[in-house]
2 protein chains.
Amino acid sequence: MAVELIAERGVRDFSLAEASRRLGVTVAAPYRHFADRDELLAAVAVRALGTLEAALAAEVTGGDPPERRLAAIAGGYVRFATAHRPLFETLLRSGIDKDRFPEVRRAAEPMESLFTSCVLTVCGDDPGVAAALAGAVLATAHGYATLLLDGTAGGGVEVSPAAAEGAVLALVKGRSALPE
Amino acid sequence: MAVELIAERGVRDFSLAEASRRLGVTVAAPYRHFADRDELLAAVAVRALGTLEAALAAEVTGGDPPERRLAAIAGGYVRFATAHRPLFETLLRSGIDKDRFPEVRRAAEPMESLFTSCVLTVCGDDPGVAAALAGAVLATAHGYATLLLDGTAGGGVEVSPAAAEGAVLALVKGRSALPE
DNA sequence: GTCTATACCCGGATAGAC
DNA sequence: GTCTATCCGGGTATAGAC
């Protein structure tokens, strides 16, 4: 399928034309499978979300304490960004219209509920803290992942799944400082 | 100058042609001022870094305690991303070759030293913790900023400068959990 | 410094044959 | 399902006149 081949290239300047060339077919061929470029990209995004959710779910199977599981999710998020960079890029930068392709939004739901349930397990007693912590963890994991992707990080900074996990543990530990 | 006009549009699909049109000149005009498209983008990036550095420096003028100043930097970073979205986008997504335009790298240095000195003030006693904290704060601020930019954040999550500041305070407070 | 004109390249998309 | 052929639009960049 054409879908896999996109992974060879980033989405930044992904084009059906180039993908077709790499596949050894002409530019007209993809239109037998997808209405247009965006529809193909949406299909890739759905696949990416499935893979990501599976990866995150696999991270939390152990009998670890709640904060470790939350950290594992963040680590898994960053790990996914490096291991499946093109898929992750598709999720972030494809510019898919989620109103036109609601299946993309739907594909993200299992992952989101996994995440929020994990946050609630850490601090289910206080919904206010839970919301703030959820945002902080999301931002941190997302931040590490994008730093990895863009290579934006300056010299001495370590950017890795392990670093993301540590940061989440620190957030949990110091969560009383979060605003509500 | 043409430089300002880029701010009207994102960098995602920024083109000299469209910018020229908006300026009311022809597409040939910019080439009197810049060798090519990338050179213009690099000039914008340098300007953006200057503005960002000034904004962050203004955040830390007060006599606040160290961790508050670090939080203020993160908050300022996110604030900048919203207030000067096109400039921030240029920094992240212009795809500038920093080897070709070393002035871009140089323009980032003042900001970086401001940041690292601020981190060291918070925990100068331990270089290992300082490095880990620097990474975590950077990732968190960057994460909030990019979440804002992309609108990636799901429904209930609050993404704001204040949230970023709170997260940094939490990181500082729980920094003993960071890996070294 | 800006214009006109032009050349070139590339991507998206469709029609119709096989 | 894929091909050939084709159209359209848009962007980059240059040459030469004003």
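Chain A is the first sequence line, chain B the second, and so forth, proteins listed ahead of strands; every chain is numbered from 1. In this text, all values refer to a predicted model and were calculated from it rather than measured experimentally.
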Between [X] ([atom1]) and [N] ([atom2]), how many Å, whole number?
{"X": "B:L23", "N": "C:dC3", "atom1": "CG", "atom2": "C1'", "result": "15 Å"}
{"X": "A:R37", "N": "C:dT14", "atom1": "CZ", "atom2": "P", "result": "15 Å"}
{"X": "A:D13", "N": "D:dG11", "atom1": "CG", "atom2": "P", "result": "14 Å"}
{"X": "B:L16", "N": "D:dT12", "atom1": "CG", "atom2": "P", "result": "5 Å"}
{"X": "A:D38", "N": "C:dA13", "atom1": "CG", "atom2": "C1'", "result": "13 Å"}
{"X": "B:Y31", "N": "D:dG11", "atom1": "OH", "atom2": "C1'", "result": "8 Å"}
{"X": "B:D36", "N": "D:dG11", "atom1": "CG", "atom2": "P", "result": "17 Å"}
{"X": "B:L40", "N": "D:dG11", "atom1": "CG", "atom2": "C1'", "result": "14 Å"}

**Asked** With sequence neighbours left out, what residues match A:R100 under salt bridge (Lys or Arg N to Asp or Glu O under 4.0 Å)?
**Response**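 Listed in chain order: A:D36.
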**Item:** Side-chain N,O (A:R32) to OP1/OP2 (D:dT2) below 4.0 Å
**Value:**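 A:R32 to D:dT2 OP1/OP2: no side-chain N or O under 4.0 Å.
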**Message:** So, OP1 or OP2 of D:dC3: does either fall under 4.0 Å of a side-chain N or O from A:T26?
**Reply:**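 Checking A:T26 against D:dC3: at least one side-chain N or O falls below 4.0 Å of OP1 or OP2.
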**Asked** Which residue pairs satisfy the salt bridge (charged side-chain N to carboxylate O under 4.0 Å, His left out) criterion with at least one member in residues 121-147 of chain A, sequence neighbours excluded?
**Response**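 Listed by first then second residue: nothing to list.
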Side-chain atoms of residues 161-177 of chain B: list all donor-acceptor pairs with protein atoms under 3.5 Å, sequence neighbours left out, distances to 0.1 Å.
{"unit_1": "B:E165", "atom_1": "OE2", "unit_2": "B:R79", "atom_2": "NH2", "d": "2.9"}
{"unit_1": "B:K173", "atom_1": "NZ", "unit_2": "A:S176", "atom_2": "OG", "d": "2.5"}
{"unit_1": "B:R175", "atom_1": "NH1", "unit_2": "B:V172", "atom_2": "O", "d": "2.9"}
{"unit_1": "B:S176", "atom_1": "OG", "unit_2": "A:K173", "atom_2": "NZ", "d": "2.5"}

**Asked** Do B:F14 and B:T90 have side chains that get closer than 4.5 Å, going by heavy atoms?
**Response**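 Answer no - side chains too far apart.
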**Request:** Please report how far the helix from C:dG1-D:dC18 to C:dC18-D:dG1 bends, comparing the axis fitted to its first five pairs with the axis fitted to its last five, to the nearest 10 degrees.
**Result:**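 For the helix from C:dG1-D:dC18 to C:dC18-D:dG1, the axes at either end differ by 0°.
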**Request:** For A:R93, check side chain to side chain donor-acceptor pair (under 3.5 Å) against everything at least two apart and list the hits.
**Result:**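 Per chain and number, A:R93 pairs via side chain to side chain donor-acceptor pair (under 3.5 Å) with A:D150.
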**Request:** Please list, chain by chain and in numerical order, all residues satisfying side chain to side chain donor-acceptor pair (under 3.5 Å) with B:E158, sequence neighbours excluded.
**Result:**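 Here the qualifying residues are B:S160.
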**Request:** Please list, chain by chain and in numerical order, all residues satisfying ring pair (Phe, Tyr, Trp, His ring centres under 6.0 Å) with B:F115, sequence neighbours excluded.
**Result:**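 With sequence neighbours excluded, B:F115 shows a ring pair (Phe, Tyr, Trp, His ring centres under 6.0 Å) to no residue whatsoever.
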**Prompt:** Once the angle between the rings of A:F88 and A:H142 is folded into 0 to 90°, is it parallel (under 30°), tilted (30 to 60°) or perpendicular (over 60°)?
**Reply:**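 Judged by the thresholds at 30° and 60°, the geometry between A:F88 and A:H142 is tilted.
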Name the atoms and distances for all side-chain donor-acceptor pairs under 3.5 Å in residues 131-139 of chain B, with sequence neighbours left out.
none

**Prompt:** Of all the choices, D:dA13, C:dC3, C:dG12, which nucleotide is nearest to the side chain of B:V25 once you look at every atom?
**Reply:**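 Of the options given, the side chain of B:V25 lies nearest C:dC3.
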**Item:** Residue A:E18, side-chain heavy atoms: nucleotide from C:dG11, D:dT12, C:dC3 that is nearest
**Value:**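 Nearest listed nucleotide: C:dG11.
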**Complete:** With B for base contact, S for sugar-phosphate-only contact and - for none (protein heavy atoms under 4.0 Å), nucleotides 5-10 of chain D reads ------
